[in-house]
Amino acid sequence: MSERTLRLYDTMTRQVKPLELVEPGHLRFYSCGPTVYSYAHIGNFRTFLTADLIIRTAQALGTRVTYVSNITDVGHLTQDDVADAGGEDKMARALQSKEGEQFNNVWELAEYYEDAFLEDWARLNLKEPQVRPRATQHMREQIVAAEQLIAQGNAYETPTGVYFNVESFPSYGKLSGNTQENLKKASREVVLDDNKRDQSDFALWKKDDKHLMQWYSPFGWGFPGWHLECSVMARMYLGETLDLHAGGEDLIFPHHECEIAQSEALTGKPFSNHWIHTRFLQVNGEKMSKSLGNYYTVRFLLEKGADPLAIRYALISGVYTKPLNFTDQSLSDAMGNIDRYRRSDAAVAAGLEAARPGDDAIGTLLEELYDQALDAMCNDLNTSVALAKALEGTRVILREAETLSLASAESGKVYLDRINDLLGIVRPERVLADLQTESAPKVDEARIGALIQERIDAKKAKNFALADQIRKDLEAEGIELRDTPEGTVWVLKSTL
RNA sequence: GGUGCCGUGCCCAAGUGGCCCAAGGGGACGGUCUGCAAAACCGUUAUUCGGCGGUUCGAAUCCGCCCGGCACCUCCA
C-alpha cells in the first residue's frame with residue numbers, strides 16, 4: 001500500500017495531526033446525524049459530506065472503516081429547563097406547524113422526515129454507514145447510563161429530571177476552549193432552575209408525563225437528554241474510545257462537550273482521539289434561515305432543476321475548515337464541472353467500444369493526477385485542490401475524446417472509477433426516481449423534432465434566415481439547439 | 001462579557017515562511033471548428049494577497065495594532 005496518512009485538523013488540540021487508529025488499519029468513526037423534525041437543508045449535508053469524504057479517503061488508503069451515524073428521532077427542548085412550563089420541543093412544534101398538520105402524531109412526523117432525509121442522503125451520493133442507530137431504539141441503554149452516572153456521583157436526580165454535575169468532571173470545557181469559570185460568567189439567558197446544583201449542569205433525563213414522546217424509567221415518565229444518545233450509541237457500536245468523532249461547528253459546545261463529560265465519566269477512558277467540525281455553510285453570503293428565504297433543502301434545489309451531483313460538488317468545493325458560501329452561481333459552476341465528468345465518462349465508454357489501436361497516451365498523467373488528488377484529501381481534506389486535480393484529468397481525457405485508443409480508454413476508465421470512489425462526483429451510485437416532475441418545463445418532443453427537421457430542410461435550401469429564426473424561437477422557450485457531427489440535438493437550458 | 005474563525009483577481013475558492021511574479025472553477029477576451037451560432041477544445045486574464053508597522057537573507061503565510069465580516073455561549077450540521 002501507500003505510505004500516505006490522513007491528516008486532519010483536531011478541534012481538541014487545535015492542530016492538524018495524523019489520524020491515529022486504536023486498532024491499526026481500522027477506523028472507528030462516529031458522525032452526529034440530524035434531528036428529523038423537518039427536511040434537512042444543504043448546510044446539514046455539508047457536514048455529512050465531510051464525514052463521507054473522510055471515509056472515502058480512508059478507504060482509498062486501504063483502511064477498513066466502521067462508520068456510525070445516528071438519527072435523532074426524539075424531539076429535544078427548544079429551551080433548556082422549560083419542561084415543566086409547557087414542554088414544547090422541536091418535534092411538537094413541527095407537528096403544530098402548517099407542514100405538520102398532515103401527520104397524526106410526532107412518531108409519524110419523525111418517520112416521514114427520516115425517510116426524506118435518507119432519500120436526500122442517497123441522492124447526494126453519500127456512503128451508507130455500517131450502523132445508523134436511532135435514539136428511540138436505545139432507550140434502555142440511555143436509562144442505564146443515567147443510572148450509572150448517578151451511582152458514580154457524576155449525576156443527581158431532582159424533581160424535574162436527572163442532571164450531570166459538571167463540577168464532577170473538572171475538564172468540562174476542554175473541547176471548546178472554555179473553563180467552567182468562564183462558562184459560569186458567560187451564561188447569557190439561561191433559565192435558572194433552583195433544583196440544579198450548578199446552572200451549567202445539563203440534563204440526562206427530563207421528567208415529563210405530558211411529553212408527546214415519553215418512556216418509563218426509574219425516574220418516572222419522561223425522555224432522555226439530547227447529549228446522552230450519542231454517548232451511548234457510539235460506545236455500543238464502536239467501543240469506549242473512538243478514533244474520530246465529527247459534526248457541525250455548532251456541536252462543539254454544548255453537545256460534544258457534554259458527550260465527552262458523560263462518556264469519560266462513565267468509562268474513565270478518552271472518548272474520542274480526534275474531533276473534527278465542519279464550519280457553517282452560508283447561502284448568498286448570509287446564514288441560512290427560513291425568514292431570509294435562503295433555507296435551501298436538497299429537494300428544493302432538485303425541483304429547480306439542479307443535478308444532485310452538482311449540489312454535492314458545490315458543497316465540497318470549499319474546505320470544511322472554513323465557512324463556505326453557497327450561491328446559485330456556485331451551483332451552476334458545479335453543474336458545468338459535473339458535465340465534464342459525464343462527457344469524459346461517455347468518451348471513455350465510446351473509446352472502449354471503438355477499440356482503436358495505439359499506445360496508452362494518458363495513463364501515466366492520469367495516475368499522477370489521481371495521486372495528487374489523494375494527497376490533497378490526505379492533507380486535511382483539501383477538497384478544493386483535490387477537485388482541481390481531478391478536473392484536470394477530464395481535460396486530459398476530453399482533449400483526445402474522439403481519438404482515444406483502447407489502451408488510453410482503459411486508463412481513462414480506471415481513472416474515473418478511482419476519482420469517483422474518492423470524491424463521488426462522476427456517477428450517481430444509486431438510481432432514484434426523478435424528482436423534478438412538478439416544476440420542470442413541459443416539452444413537446446414531437447413538435448421540437450418537427451421544428452428541427454424544418455430547420456434542417458431550410459439549411460439545405462440555404463434559407464438560413466428561416467433556420468436561424470427557428471433556432472431563436474426555440475431558444476426563447478428555453479430549448480437550445482446544437483449542431484453536432486451526429487446531427488442536431490436539443491437540450492433544455494437550466495433554469496438556474 | 002467569554003470562546004473560536006475569516007478577509008486572496010470581476011465572482012467563487014486553494015495556498016499558512018523560499019518550489020507562489022499565488023492552483024482550480026465561473027466570467028471576460030482571443031483562437032480552432034461552424035453557413036452563422038451554440039456546444040466542445042486551445043490560449044490569455046493578480047509583481048499581488050483588508051490597512052499600517054515589525055520579525056526575517058526571504059512573508060499572502062510569523063508578531064503587533066487598526067478596519068471589516070462570521071460563528072458558538074445550553075434549539076441548531
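Throughout, a chain's letter reflects where its sequence line sits, starting with A, and its residues are numbered from 1. All values derive from a computational prediction rather than experimental measurement.
- The C1' atoms of rC20(B) and rA14(B) are separated by 12 Å, rounded to the nearest whole Å.
- Of the P atoms belonging to rU44(B) and rG26(B), the separation is 15 Å, rounded to the nearest Å.
- Pairing for rA39(B) is absent, with no Watson-Crick or G-U wobble pair whose two atom distances lie under 3.5 Å.
- Interface remark: the Arg46(A) side chain does not form any donor-acceptor pair with the rA77(B) base, using a distance-only criterion of under 3.5 Å.
- For Phe48(A), whose side chain is taken as the heavy atoms from C-beta onward, the closest listed nucleotide among rA77(B), rG26(B), rA14(B) is rA77(B).
- Between Phe464(A) and rG35(B), a base-stacking contact is recorded: ring centres under 5.5 Å apart, planes less than 30° from parallel.
- Looking at heavy-atom distances under 4.0 Å, Leu251(A) makes contact with sugar-phosphate atoms alone, never a base.
- At a cut-off of 3.5 angstrom, counting only N and O atoms as typed in the model, there is no donor on one side facing an acceptor on the other between the side-chain of Arg14(A) and the base of rC5(B).
- Across all strands shown, Arg471(A) has heavy atoms under 4.0 Å from base atoms, whether or not it also approaches the sugar-phosphate.
- In this structure, the CD atom of Gln372(A) is 19 Å from the P atom of rA14(B), given to the nearest Å.
- No donor-acceptor contact under 3.5 Å links the side chain of Asp333(A) to the base of rG27(B).
- Remark: the backbone N or O of Gly424(A) is paired with a side-chain donor or acceptor of Asn125(A) at under 3.5 angstrom.
- For rC72(B), the paired nucleotide is rG2(B), the pair qualifying as Watson-Crick or G-U wobble because both relevant distances are below 3.5 Å.
- Taking the six-membered ring for Trp and the full ring otherwise, Phe48(A) and Phe117(A) have centroids separated by under 6.0 Å.
- Residue-to-nucleotide contacts include a donor-acceptor pair under 3.5 Å from the side chain of Asp483(A) to the base of rC36(B).
- In this structure, Asp339(A) places its CG atom 14 Å from C1' of rG25(B), rounding to the nearest Å.
- Shown here, rU45(B) forms a base pair with rG27(B); the pair counts as Watson-Crick or G-U wobble because both key distances fall under 3.5 Å.
- For the P atom pair drawn from rC12(B) and rC33(B), the interatomic distance equals 37 Å after rounding to whole Å.
- In terms of phosphate contacts, Lys322(A) brings a side-chain nitrogen or oxygen within less than 4.0 Å of OP1 or OP2 of rA14(B).
- At the heavy-atom level, Leu391(A) lies under 4.0 Å from the strands shown only through sugar-phosphate atoms.
- Computed from coordinates, the Ile452(A) CD1 to rA37(B) P distance equals 20 Å when rounded to whole Å.
- Val489(A) comes within 4.0 angstrom of nothing in the nucleic acid, heavy atoms only.
- Rounded to an integer number of Å, the gap from CG of Leu126(A) to P of rA77(B) is 16 Å.
- Residue-level contact check: Arg482(A) touches the bases, meaning some heavy atom is under 4.0 Å from a base atom.
- The residue Leu398(A) sits close only to the backbone: its heavy atoms come under 4.0 Å of sugar-phosphate atoms, none of a base.
- Only the P atoms considered, rA60(B) is 12 Å distant from rG51(B), to the nearest whole Å.
- For the pair His245(A)/Trp275(A), a side-chain contact is recorded, criterion being any heavy-atom separation below 4.5 Å from C-beta on.
- Aromatic ring orientation, Phe29(A) versus Tyr67(A): parallel (interplanar angle below 30°, classes split at 30° and 60°).
- Closest contact between the side chain of Ser200(A) and the listed nucleotides rC76(B), rU74(B), rC42(B) involves rU74(B).
- Residue Arg312(A) is tested with Asp120(A), Asp307(A), Asp52(A) for a salt bridge (charged side-chain N to carboxylate O under 4.0 Å, His left out); the sole match is Asp52(A).
- As judged by a 4.0 angstrom heavy-atom cut-off over every strand, Gly318(A) is placed among residues touching the sugar-phosphate backbone only.
- Which of rA77(B), rA38(B), rC41(B) sits closest to the side chain of Glu480(A) comes down to rA38(B).
- In this structure, Arg279(A) does not reach the rG4(B) phosphate: none of its side-chain N or O atoms is under 4.0 Å from OP1 or OP2.
- Contact annotation for His277(A): no contact, since no heavy-atom pair falls under 4.0 Å across all strands.
- Taking the six-membered ring for Trp and thresholds of 30 and 60 degrees, Tyr112(A) and Tyr39(A) have ring planes more than 60 degrees apart, a perpendicular arrangement.
- Among the atoms of the strands shown, none is found under 4.0 Å from any heavy atom of Glu475(A).
- Side-chain atoms of Glu259(A) and Cys32(A), non-hydrogen and from C-beta on, do get closer than 4.5 Å to each other.
- Remark: the separation of the C1' atoms in rG27(B) and rC11(B) is 8 Å, to the nearest Å.
- Taking atom C1' on both rU61(B) and rA23(B), the two are 16 Å apart, rounded to the nearest angstrom.
- Remark on RNA chain B: of its neighbouring residues Thr47(A) and Ala467(A), the 5'-side contact belongs to Ala467(A), judged by nearest-heavy-atom nucleotide.
- Comparing Leu324(A) and Arg455(A) by the nucleotide of RNA chain B whose heavy atom lies nearest to each, the residue mapping closer to the 5' end is Leu324(A).
- Atom pair Leu404(A):CG and rC41(B):P shows a separation of 13 Å (rounding to whole Å applied).
- Side-chain nitrogen and oxygen atoms of Arg343(A) include at least one within less than 4.0 Å of the OP1 or OP2 phosphate oxygen of rC41(B).
- Under the Watson-Crick or G-U wobble criterion, with both distances below 3.5 Å, rG7(B) is paired with rC67(B).
- Nucleic acid contact class of Lys459(A) (heavy atoms, under 4.0 Å, all strands): base.
- Spacing between rG43(B) and rC62(B) at atom C1', rounded to whole Å, works out to 38 Å.
- Using a 4.0 Å heavy-atom criterion, one finds that Asn325(A) contacts the sugar-phosphate atoms exclusively.
- The distance between atom CD of Glu249(A) and atom C1' of rU3(B), rounded to the nearest whole Å, is 12 Å.
- Residue Asn382(A) has a polar side-chain atom (N or O) positioned under 4.0 Å from OP1 or OP2 of rG15(B).
- Comparing the P positions of rG18(B) and rG54(B) gives a spacing of 23 Å, expressed to the nearest Å.
- Rounding to whole angstrom units, CD of residue Gln329(A) and C1' of rG27(B) are separated by 8 Å.
- A donor atom on one side chain and an acceptor atom on the other are found under 3.5 Å apart for Asn70(A) and Tyr30(A).
- The CD-C1' distance, from Glu257(A) to rG2(B), rounds to 14 Å in whole Å.
- Residues Ser168(A) and Asn165(A) have side chains that never bring a donor and an acceptor to within less than 3.5 angstrom of each other.
- Look at rG58(B): it lacks any Watson-Crick or wobble partner with both distances under 3.5 angstrom.
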